[in-house]
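Reviewing the structure listed below.
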Amino acid sequence: MPELPEVEVLVRHLRPQLQGQKISSVVVHRERVLAGTPVRKFVQTLTGTTFASLSRRGKYLLFELVAPNRAKSFTLVGHLGMTGRMYLLPAKAPLPKHAPVVFGLGDQKFVFEDTRYFGRLTLDPGAVEKLGPEPLDGEFTPEIFEQALKRSSQPIKVKLLDQSVVAGVGNIYASEALFLAGISPRIASRKLKKPQILLLWKAIRQVLKAAIRGGSTVSLDYTGVGERDGLFYFGSQPGESKTYEERLHVYDRAGKACPNCGSEIKRLVQAARSTFYCPQCQGRGAMSLSRREDRKRRR
DNA sequence: CACCATGTTCCTTG
DNA sequence: CCAAGGAACATGGT
């Protein structure tokens with residue numbers, strides 16, 4: 001369940017559950033997810049420590065742990081990959097089929113489930129250090145964004161997936177942000193003019209915030225027991241009305257009508273990933289976002 | 001069997 | 001050294 005909004009909602013959900021919990025045991029079922037940390041070191045370092053706090057950086061979860069003597073604290077870095085989930089279960093509950101790492105917490109256990117094993121739990125902070133600015137923080141300014149785009153010939157959609165440009169945008173929200181900004185996913189990053197960069201900068205933040213808002217209001221099943229799987233961005237549940245802002249407008253909607261102009265949403269492949277867009281709203285001569293907003297207000 | 005999937009890293013090429 | 005493109009990783013759904 002992996003882009004910035006989903007990770008943010010998960011972090012908020014887990015924080016109160018983990019705070020103060022002591023790790024009594026560590027079981028690693030798939031060494032690969034430790035990303036280079038040797039199993040022995042991982043188990044030795046974590047056993048007996050206590051969860052002090054939990055935060056997020058881009059799509060990464062940062063677990064702050066303190067040693068038994070409270071002398072030193074350190075960070076356990078988590079990433080959900082494509083299919084990762086994290087949740088608590090009763091100690092005696094059966095484990096899911098793919099659970100690369102499980103922490104015993106007394107009468108409960110903290111499970112890292114990941115069918116595809118693309119996720120990570122590691123003591124290596126390397127990946128986090130390479131991340132670009134946090135999109136919802138002050139460090140991500142239009143000027144910084146412009147600097148990051150100005151020398152690249154890559155299509156803007158591909159550039160938005162580059163975590164050193166801005167941390168946390170993934171395949172879904174890259175398409176969504178470009179749609180909201182009325183910008184073609186194919187345009188070379190360096191070709192974007194200042195006004196467009198500002199529109200895109202705003203759109204990224206707006207799309208991520210709306211998704212966090214939407215995700216926070218949906219009742220999620222993080223335990224993995226029910227049918228709900230925590231993928232809150234896919235459609236709304238029966239009886240749950242989402243605002244226009246909180247729905248996906250183009251992602252996975254190829255062949256359907258653009259919610260803005262009614263023309264057909266298209267899919268294209270860039271850097272081996274699907275991109276969804278409205279050729280009308282995001283083509284040459286497309287009406288700008290501000291123009292669309294003006295129109296909406298008049299109705 | 002084919003193709004698709006919310007992500008990142010490594011290798012090659014220029 | 002850097003930028004960019006593509007394969008690899010691994011499992012499951014349609």
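In what follows, chains carry the letters A, B, and so on, assigned in the order in which the sequence lines appear, proteins first and then strands, with residues in each chain numbered from 1. Just so you know, these numbers come straight off a predicted model, no measurement behind them.
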Side chain of Q154(A) - closest among dG12(C), dG7(B), dG5(C): dG5(C)
From the candidates dC4(B), dT11(C), dT9(B), the one with an atom nearest any side-chain atom of R30(A) is dT11(C)
Cluster check Y60(A), L121(A): I/L/V/M/F/W/Y, side chain < 4.5 angstrom: no
Tell me the interatomic distance from Y251(A), atom OH, to dC4(B), atom P, rounded to whole angstroms. 12 Å
The nucleotide from dG7(B), dA4(C), dA5(B) with an atom nearest the side chain of P2(A) is dG7(B)
Do R116(A) side-chain and dA5(B) base share a donor-acceptor contact under 3.5 Å? yes
Under 4.0 angstrom, heavy atoms only, what part of the nucleic acid is A127(A) near: base, sugar-phosphate, or nothing? sugar-phosphate
What interatomic distance, in whole Å, is found between P of dA10(C) and the corresponding atom of dC11(B)? 15 Å
Within the structure, does a side-chain N or O atom of S152(A) lie under 4.0 Å from either OP1 or OP2 of dA4(C)? yes
Ignoring backbone atoms, establish whether T115(A) has a side-chain N or O less than 4.0 Å from OP1 or OP2 of dA10(C). no
With the stacking rule set at 5.5 Å and 30°, tell me whether F118(A) counts as stacking on dT8(B). no
Just to confirm, is there a sub-4.0 Å distance from OP1 or OP2 of dG7(B) to any side-chain nitrogen or oxygen of H79(A)? no
The side chain of K97(A) is closest to which nucleotide in this list: dG7(B), dG12(C), dT8(B)? dG12(C)
With rounding to whole Å, what would you report as the distance between dT8(B) and dG13(C) at their C1' atoms? 22 Å
Give none if dG7(B) has no partner; otherwise give the nucleotide forming a Watson-Crick or G-U wobble pair with it, both distances under 3.5 Å. dC9(C)
Can you identify which nucleotide, out of dT9(B), dC9(C), dG7(B), has its nearest atom closest to the R32(A) side chain? dC9(C)
Are the charged groups of R12(A) and E8(A) less than 4.0 angstrom apart, N to O? yes
Is there a side-chain polar atom (N or O) of T83(A) under 4.0 Å from OP1 or OP2 of dA10(C)? no
Nearest-neighbour nucleotide for the K59(A) side chain, dG12(C), dA4(C), dT8(B) considered: dT8(B)
Give the rounded distance in Å between these two atoms: CG of L80(A) and C1' of dA10(C). 16 Å
Atom CZ of R85(A) and atom C1' of dG7(B) are separated, to the nearest Å, by 17 Å
Between P on dA5(B) and CZ on R253(A), what's the gap in Å once rounded to a whole number? 16 Å
Which nucleotide in the set dT11(C), dA5(B), dT8(B) lies at the smallest distance from any side-chain heavy atom of Y117(A)? dT11(C)
Need to verify one output field. Residue with the more 5' nearest nucleotide on DNA chain B, R267(A) or R273(A)? R267(A)
Determine, stepwise, if the pair V102(A) / L89(A) fulfils side chain to side chain contact (heavy atoms under 4.5 Å, CB included). CA-CA 10 Å; V102(A) 180; L89(A) 287 180; over 6 Å; no
Could you check how far CG of L161(A) sits from P of dG5(C), rounded to whole Å? 13 Å
What about Y277(A) and F179(A), are their ring centers closer than 6.0 Å? no
Taken to the nearest whole Å, CG/L4(A) to P/dG7(B) is 11 Å
Atom-to-atom span, CD of Q270(A) to C1' of dG5(C) - whole angstrom: 13 Å
Run the salt bridge (charged side-chain N to carboxylate O under 4.0 Å, His left out) check on E134(A) and R56(A) step by step: do they pass? CA-CA 10 Å; E134(A) 217 27 63; R56(A) 178 193 58 73; 2.6 Å; yes
